[in-house]
Visitor: 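Take a look at the following structure, please.
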Amino acid sequence: MADSTPGIGQEPSLDRDCTTLSRHVLQQLQSFGPDAQDLSALMNRIALAAKLISRRLSRSGLVEGVLGFTGEVNVQGESVKRIDAYANEVFISVFKQSGLVCRLASEEMEKPYYIPENCPIGRYTLLYDPIDGSSNIDSNLNVGSIFSIRQQEGIDEDGSAQDLLQSGRKQLAAGYVLYGPSTMLVYSIGKGVHSFTLDPSLGEFILSSENIQLPDCGSIYSVNEGNFWQWDESLRDYIRYVHRHEGYTARYGGALVGDFHRILFEGGVFLYPGSVKQPEGKLRLLYETAPLAFLAEQAGGRASTGVEEILDVVADHLHQRTPVIIGSKDNVELVESFIQERAREDNERLMTSS
Ligand SMILES: O=C(COP(=O)(O)O)[C@@H](O)[C@H](O)[C@H](O)COP(=O)(O)O
Ligand SMILES: [Mg+2]
Ligand SMILES: [Mg+2]
């Protein structure tokens, strides 16, 4: 049997390279300057929030007060789950003491939460969806958190947060946490997309994949087909095309983070189009689709509303929704081609009837 004991002068081999998240941020920025230190500290705080939420989720069937609803309805008109409220508070308390951010904006709060004691030191705003896919939680299925970091511009004295109403290209960093069989954090600071896995025995996120590349084309399409008759005919045409062609497979888990994660690693497309009732779709621009679009572009993929890149959309209010088609370049383009074709036909019909 081979002797695996390290010889004199040899390092004992580890399972993997133990690159932590904060070290990774500094390595990418190749700097120890104040901006790099800030970004590294911000990511560290997000990791802390993720660990606290992950710990709570892992005990969800065992302790009181994790599952079920609070009885309140949020600004989106959705019933708030206890875990939504808990995770929202976790991000607030983690960042309140950080000195890093002046303002937090989340799905669960109508207006941003201001931390005046952090200003003007904290020059950043954190936008987040504390728990994405919370309808999955009572069935013990995957959920996530989504985050986006922007530089705060101006002092926002009147509390209107006008500087947040800019395109997604203003994001400094974005990412998500997936609470699945393991807890993973995927992020980008505009230098590729990288994933980390929480090692529960160390309490640290350890690098698992660097420079993730979305395949140009993939077989997965991920969409809630229960909404088929609510969509525009162009989307129905696309789905009919997929049904009639070999090589496609449907995957839909009911939590955007999980569904996007699969697409990021395996390729394909996730869609949440507008419907008759909700022409803008369901997903929110500033803390759901824009951060994921940032990751998709950084990984060589695309994210589109059908007529415009998601990252070019300028929000007109904090909780703005937007249709989204996100994933592999070729797949996104194919969906867009159905939308454009239908728009062209509608135009021609209009021209001939007038
Ligand atoms: O944004 C989402 C829900 O967010 P939320 O839990 O409100 O943060 C998504 O995860 C959707 O729930 C998901 O895409 C499934 O939507 P439906 O198909 O159930 O409408
Ligand atoms: Mg969500
Ligand atoms: Mg949510």
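Just so you know, ligand 1 is whichever comes first in the structure, and atom 1 is the first atom listed for that ligand. For this chain, numbers begin at 1 and follow the sequence in order.
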Visitor: If the cut-off is 4.0 Å to any non-hydrogen atom of E107, which atoms of ligand 1 fall inside it?
Guide: 5 (P), 7 (O), 8 (O)
Visitor: Take the angle between the ring planes of F265 and H261 and call it parallel below 30°, perpendicular above 60°, tilted in between.
Guide: tilted
Visitor: Which atoms of ligand 1 sit under 4.0 Å from any heavy atom of A255?
Guide: 10 (O)
Visitor: How does D259 reach ligand 1, if at all, at less than 4.0 Å between non-hydrogen atoms: by side chain, backbone, both, or neither?
Guide: neither
Visitor: Please identify which atoms of ligand 1 are closer than 4.0 Å to at least one heavy atom of E78.
Guide: 7 (O)
Visitor: Heavy-atom distances under 4.0 Å are what count here, so tell me which part of L256 touches ligand 1: side chain, backbone, both or neither.
Guide: both
Visitor: What's within reach of the Mg ion (ligand 3), meaning protein N/O/S atoms under 2.8 Å?
Guide: E107 OE1, D129 OD1, I131 O
Visitor: Among pairs that include at least one residue of residues 48-132, which meet disulfide (SG to SG under 2.5 Å), considering only residues two or more places apart or in two chains?
Guide: C102-C119
Visitor: Which ligand 1 atoms, with their elements, are less than 4.0 angstrom from a heavy-atom of L283?
Guide: 1 (O), 2 (C), 9 (C)
Visitor: Count I, L, V, M, F, W, Y as connected when their side-chain heavy atoms are under 4.5 Å apart, and connections chain through other members. Are L318 and I149 then in the same cluster?
Guide: no
Visitor: For atom 9 (C) of ligand 1, tell me which residue out of D129, N74, D132, V80 has the closest non-hydrogen atom.
Guide: D132
Visitor: Mind checking ring pair (Phe, Tyr, Trp, His ring centres under 6.0 Å) for F338 and listing every partner two or more places apart, or none if nothing turns up?
Guide: Y238, Y241
Visitor: What atoms of ligand 1 come within less than 4.0 Å of a heavy atom belonging to R284?
Guide: 1 (O), 4 (O), 5 (P), 7 (O), 8 (O)
Visitor: Only pairs at least two apart or in different chains count here, so list each salt bridge (charged side-chain N to carboxylate O under 4.0 Å, His left out) that has a residue in residues 111-125.
Guide: D35-R123, D38-R123
